[in-house]
Visitor: 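Here's a structure for you.
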Amino acid sequence: MSGIPATSRAAALVQPGRPLEIINARIPSVVEPSALLVRMTAATLCGMDVHVAHGAAGAAPGAALPLILGHEMVGQIVTFGDGPRTDSVGQPLTEGDRIIWTHGMCGRCHACVIDQEPSLCENRRRYMTESANSYPFLHGGFSEYGYVYPTAGRVRVPEDVPDALASAAACSLRTVMHGFERLGRIAATDTVVVQGAGPVGLFAVAKAVAEGAGRVIVIGGPADRLEVAKRWGADVCIDINDVTAGQERLALVRDLTRGHGADVVLEMSGIPAAFSEGVDMLRVGGRYLIVGQAHERTVPFNLSVIMHKQATFIGSRSAGVDHYWKALEFLRSHADRFAWEDLVSRHYKLDEINEAFEQMRSWSEIKPVIDFTQD
């Protein structure tokens, strides 16, 4: 491992609710079999990063600090552990290739083997949950160097997919690809309501449009995000800052669907109250895909609605490595149809990480990028 420094500059959480600090994390001198050491090229911010930084979600109770944050990232391979030099779909890999990678899925539990649902892995090793003081030290994306766990799936990034978009594919878009797979076919006669206009919601708009939905309605904000949704093919955008009452938004959806409600509702906002609102918007016999409700709050709900509407509720979390590959292919194959760069906002240096967090927290930017290629 000649030419590789002993430490990596990284942005770490040292105390919940406090700004991240730049630390010098150790770079492992030994790379395990099937593991990889990468030099990071870009990492994009996700809402989960903000929640974890504030102690609201993500890190296990009592998790040792410091925690290197970041879980949407792309990097160039610098060192291979012993094992095959291919990605998870058989594409050859060599030093310098760009990859995105999954959390560590064990591949030996009931969920992985019998159910073929790696996102439900019973022994999943997640990034952003282990201390930078524990081997292999590089457990997050906001770092000059990163470590790909031996059991993590990895996919080579196509040459025509830019770093920032590949990074976003590693969380936001792969989540959407998995959710739509679980949702099933969208028909040309379907009205689809997307709740939320963040990165996941916007990618869901693109996916619904690409699937041929008859009408796509987006509920969210701020206005600049809804403009992106319109450019990507949304037929109607309802700004929650203008239409503040849930009953008003419900009435608008009912009016647009001749009183029936939406055939498909996609919950991508993460706002607890959005769940009940989405159920009300769903037509009899409709389908409700729930992706964004990653919180611990209890939401009142009348279970009889499921029976009376004969509704289908579909939960989806994270993704398998196949969805990472599909996300990259979706970006590549639809580059002429959707202006993906609309999603990406400013590029920041690692030392500007807290400014990027503040921009994300205040909804001033959609997807800030930590660019490790900047001087």
Side-chain angles (χ1 to χ4, degrees), residues 36-49 69-78 86-103 127-128 138 140-149 152-178 180 198-200 202-204 206-207 210 228 232 318-350 353 356 360 365-374:
L36 300 170
L37 182 68
V38 301
R39 182 181 294 107
M40 219 68 75
T41 56
T44 42
L45 269 65
C46 171
M48 183 59 71
D49 299 321
L69 297 192
H71 61 284
E72 292 185 359
M73 54 269 195
V74 57
Q76 290 181 303
I77 300 171
V78 293
T86 62
D87 70 3
S88 297
V89 295
Q91 299 176 109
L93 292 175
T94 188
E95 287 86 353
D97 281 345
R98 294 180 303 148
I99 60 168
I100 57 175
W101 57 98
T102 74
H103 299 285
Y127 288 96
M128 221 166 61
L138 306 174
F142 300 143
S143 173
E144 293 173 328
Y145 285 80
Y147 193 84
V148 181
Y149 297 143
R154 66 287 310 255
V155 182
R156 190 179 69 194
V157 177
E159 290 184 5
D160 50 356
V161 176
D163 286 336
L165 296 178
S167 181
C171 179
S172 301
L173 184 51
R174 54 82 160 157
T175 300
V176 169
M177 301 304 286
H178 183 204
F180 270 74
V200 177
L202 291 173
F203 275 135
K207 182 64 173 168
V228 173
W232 288 8
S318 192
V321 69
D322 56 325
H323 304 112
Y324 285 68
W325 181 86
K326 290 171 184 175
L328 290 172
E329 285 301 301
F330 188 71
L331 288 174
R332 186 191 60 76
S333 62
H334 290 83
D336 294 336
R337 186 171 187 182
F338 302 106
W340 298 128
E341 293 295 339
D342 286 347
L343 187 76
V344 177
S345 42
R346 280 183 56 192
H347 287 233
Y348 296 84
K349 297 179 182 179
L350 182 62
I353 186 76
M360 186 79 170
E365 297 188 37
I366 302 175
K367 183 64 73 174
V369 182
I370 305 303
D371 188 344
F372 293 93
T373 66
Q374 294 188 32

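Side chains are part of it too, since the values below use all heavy atoms of this structure and drop only hydrogens, waters and symmetry mates. Along the sequence shown, residues carry numbers from 1.
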Visitor: What residues form a salt bridge (Lys or Arg N to Asp or Glu O under 4.0 Å) with D371, not counting sequence neighbours?
Guide: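 Partners of D371 by the salt bridge (Lys or Arg N to Asp or Glu O under 4.0 Å) criterion come out as none, since no residue qualifies.
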Visitor: Show me the donor-acceptor pairs within less than 3.5 Å that the side chains of residues 335-344 make with the rest of the protein, sequence neighbours left out.
Guide:
residue: W340; atom: NE1; partner: L331; partner atom: O; Å: 3.0
residue: D342; atom: OD2; partner: R231; partner atom: NE; Å: 3.0

Visitor: Out of R332, K326, H334, which residue meets the side chain to side chain contact (heavy atoms under 4.5 Å, CB included) rule with F330?
Guide: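 Exactly one candidate clears the test, H334.
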Visitor: Checking R39 now: which residues fulfil salt bridge (Lys or Arg N to Asp or Glu O under 4.0 Å) with it, not counting sequence neighbours?
Guide: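 R39 satisfies salt bridge (Lys or Arg N to Asp or Glu O under 4.0 Å) with no other residue.
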Visitor: Going from OH on Y145 to CG on L138, what distance comes out if it is rounded to the nearest 0.5 angstrom?
Guide: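 Between Y145 OH and L138 CG, I get 10.5 Å after rounding to 0.5 Å.
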Visitor: Kindly write out the residues that satisfy side chain to side chain contact (heavy atoms under 4.5 Å, CB included) with S88, not counting sequence neighbours, or none if the list is empty.
Guide: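 Once residues adjacent in sequence are excluded, the partners of S88 under the side chain to side chain contact (heavy atoms under 4.5 Å, CB included) criterion are R154, V321.
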Visitor: What residues form a ring-ring contact (aromatic ring centres under 6.0 Å, His included) with H178, not counting sequence neighbours?
Guide: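 Checked H178 against ring-ring contact (aromatic ring centres under 6.0 Å, His included); matches are H323.
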Visitor: Is there a side-chain contact between M128 and D49 (heavy atoms, below 4.5 Å)?
Guide: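 When only atoms from C-beta onward are counted, D49 and M128 do touch, with a gap below 4.5 Å.
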Visitor: Please enumerate all residues that pass side chain to side chain contact (heavy atoms under 4.5 Å, CB included) together with E365, with sequence neighbours excluded.
Guide: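 S345, R346, Y348, Q359, P368.
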Visitor: Who pairs with R98 by salt bridge (Lys or Arg N to Asp or Glu O under 4.0 Å), at least two apart in sequence or on another chain?
Guide: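 Result, salt bridge (Lys or Arg N to Asp or Glu O under 4.0 Å) vs R98: D163.
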Visitor: Check whether any side-chain heavy atom of V176 sits under 4.5 Å from a side-chain heavy atom of V200, and report yes or no.
Guide: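 Yes - at least one pair of side-chain heavy atoms lies under 4.5 Å apart.
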Visitor: For A166, which residues count as a side chain to side chain contact (heavy atoms under 4.5 Å, CB included) partner, sequence neighbours excluded?
Guide: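 Residues passing side chain to side chain contact (heavy atoms under 4.5 Å, CB included) with A166: V74, I100, V157, V161, L328.
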Visitor: About how many Å separate OG1 of T102 and CZ of R174, when rounded to the nearest 0.5 Å?
Guide: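 Answer for the CZ-OG1 pair, R174 versus T102, is 8.5 Å.
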Visitor: First locate atom OG1 of T44, then atom CE of M73, and finally report the distance between them rounded to the nearest 0.5 Å.
Guide: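 One finds 9.5 Å between OG1 of T44 and CE of M73.
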Visitor: Got W101 and Y127 here, is their nearest side-chain heavy-atom distance under 4.5 Å?
Guide: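 Contact flag for W101/Y127 side chains = yes.
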Visitor: Residues two or more places apart in sequence or in another chain: which of them pass salt bridge (Lys or Arg N to Asp or Glu O under 4.0 Å) with K367?
Guide: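 Listed in chain order: E72.
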